[in-house]
Amino acid sequence: MNVCRELNQIYDLLLDRYGPQYWWPGKTRDEIIIGAILTQNTNWKNVEKAIDNLKSENLLSLHSIEHSSLDLISKCIRSSGYYNQKAKRLKSIARYFNQYGYQVFIEKSITNFRSELLSINGIGPETADSILLYAFDKPTFVIDAYTKRIFHRLDFLPRSPSYDDVQRFYMNNIQKDVKLFNEYHALIVRHAKECCQKIPQCSNCVLLNSCKFKKKIV
DNA sequence: AGCCAGGACTGAG
DNA sequence: CTCAGTCATGGC
């Protein structure tokens, strides 16, 4: 299929330009899960400070989070914004994962795992998919505002597509490969931050300058 | 000085 | 189901 080839070409252009991103920027599963909550609608720089604070209070694990006070947590994560909400969300997700060892979750089917995550208050589709892909290597494509913006500009998507529609678009048109899903989303974020938000750099945009995709820009 | 970040929930129409 | 309002700090 044509779209299929184009999505692979875009991936190659981004990979050539930026190189592999080796996401998620966090080592342990707990740290990835915690970061996924903290980064909701928030600059990653602010999240890093929050993570540093959690680490110095020994709160960078789901077990310590579950047994810590809401007050201390929200104090640590203040810089990430929405700190009252996010402190509660961290508690909820800690309670969920602490029910069993990680092996139980590793063995879960992606469908069941995803719907369980979505039933937790404060976990929407993007956070769920980030956790599935980056903490558990489950093959699901993470959609965010950048993805919608960039691919709308390239004329692959309508103006305000639903999360599930966009996700189906990728899942139906590229190989179901964890490594590819991982790098693709990371590259989109890298490209958005580095190029599409800053006017000068945008004139060197690897996507807009490719003859293949140039004609699609209005 | 605004504007906006790697969202999600709620209530209203 | 679509959509504004809400949550909130820090960087540019």
Side-chain angles (χ1 to χ4, degrees), chain A residues 10-11 14 18 20-27 29 31-54 70-96 114-136 138 140-153 157-168 170 178 180-202 207:
Chain A
I10 290 173
Y11 176 76
L14 293 175
Y18 302 107
Q21 302 298 301
Y22 303 115
W23 265 29
W24 185 279
K27 302 190 272 283
R29 279 210 177 82
E31 188 176 339
I32 295 171
I33 293 165
I34 290 166
I37 304 279
L38 294 183
T39 196
Q40 289 173 350
N41 202 37
T42 300
N43 192 306
W44 182 257
K45 289 255 167 87
N46 295 354
V47 175
E48 285 180 324
K49 293 175 188 166
I51 287 180
D52 287 343
N53 292 335
L54 288 173
L70 262 184
D71 219 42
L72 180 56
I73 297 171
S74 57
K75 212 179 84 185
C76 288
I77 66 172
R78 200 176 59 89
S79 67
S80 73
Y82 310 129
Y83 50 86
N84 289 316
Q85 278 191 353
K86 285 177 180 176
K88 289 179 192 165
R89 292 177 181 183
L90 287 175
K91 280 280 196 184
S92 312
I93 194 131
R95 227 176 296 120
Y96 169 72
R114 189 172 194 270
S115 62
E116 285 178 15
L117 287 171
L118 288 176
S119 72
I120 301 171
N121 186 276
I123 311 299
E126 183 183 341
T127 308
D129 286 327
S130 296
I131 291 170
L132 289 168
L133 179 63
Y134 290 106
F136 290 91
K138 302 283 187 183
T140 186
F141 203 93
V142 178
I143 310 301
D144 64 354
Y146 292 151
T147 314
K148 292 182 184 176
R149 269 212 296 280
I150 291 175
F151 284 86
H152 171 249
R153 284 175 56 186
L157 299 173
R159 183 165 304 284
S160 292
S162 75
Y163 189 98
D164 292 339
D165 285 345
V166 179
Q167 191 177 52
R168 264 190 294 277
Y170 290 99
V178 171
L180 175 67
F181 288 176
N182 180 321
E183 279 296 342
Y184 211 146
H185 175 67
L187 284 166
I188 288 170
V189 174
R190 173 74 184 276
H191 179 65
K193 289 205 273 208
E194 191 151 323
C195 174
C196 293
Q197 286 185 319
K198 308 174 181 176
I199 305 303
Q201 285 88 336
C202 207
L207 301 184

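Throughout, protein chains are lettered first and strands after them, A, B, ... in sequence-line order, and every chain is numbered starting at 1.
Separating the NZ atom of A/Lys86 from the P atom of B/dA5 is a distance of 14 Å, rounded to the nearest angstrom. Taking atom CD on A/Glu194 and atom P on B/dA5, their separation rounds to 17 Å, with Å as the unit. One interatomic measurement links the two molecules: CH2 of A/Trp44 to P of C/dC12, which rounds to 17 Å at whole-angstrom precision. Between A/Asn46 atom CG and C/dC7 atom C1' the separation is 15 Å, expressed in whole Å. Atom CZ in A/Arg159 sits roughly 16 Å away from atom P in C/dT2 (whole-Å rounding). Per the geometry, CD1 belonging to A/Ile51 stands 19 Å off P belonging to C/dT9, to the nearest Å. In this structure, A/Leu70 atom CG and C/dC7 atom P are separated by 18 Å, rounded to whole Å. Distance CG (A/Asn43) to P (C/dG10): 12 Å, rounded to an integer number of Å.
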Letter by letter from the 5' end, nucleotides 7-12 of chain B scores (B base, S sugar-phosphate only, - none; protein heavy atoms under 4.0 Å) BSSS--
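Between A/Arg149 and B/dC4 there is no side-chain polar atom (N or O) within less than 4.0 angstrom of OP1 or OP2.
Residues A/Ile77 and A/Asn53 are not in side-chain contact: their nearest non-hydrogen atoms beyond the backbone lie 4.5 Å or more apart. The shortest side-chain heavy-atom distance between A/Thr39 and A/Thr127 does not fall under the 4.5 Å cut-off.
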Applying side-chain hydrogen bond (donor to acceptor under 3.5 Å, both in side chains) to A/Asp129 and A/Thr140, what does each step give before you reach the verdict?
CA-CA 6 Å; A/Asp129 286 327; A/Thr140 186; 3.0 Å; yes
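Using a 4.0 Å cut-off between charged side-chain N and carboxylate O, A/Arg168 and A/Asp165 make a salt bridge. Using a cutoff of 4.0 Å between basic side-chain nitrogens and carboxylate oxygens, A/Arg190 and A/Glu194 are scored as salt-bridged.
Across all strands shown, A/Lys49 has heavy atoms under 4.0 Å from sugar-phosphate atoms exclusively, and none from any base.
The aromatic rings of A/Tyr170 and A/Phe141 lie parallel to each other, with less than 30° between the two planes, well short of the 60° mark.
Checking C/dT9, C/dA8, C/dG11 against every side-chain atom of A/Asn84, the shortest atom distance belongs to C/dA8.
Distance check on atom P: B/dA1 versus C/dA8 gives 26 Å, rounded to whole Å.
Partners of A/Tyr163 under the ring-ring contact (aromatic ring centres under 6.0 Å, His included) rule, at least two apart in sequence or in another chain, do not exist in this structure.
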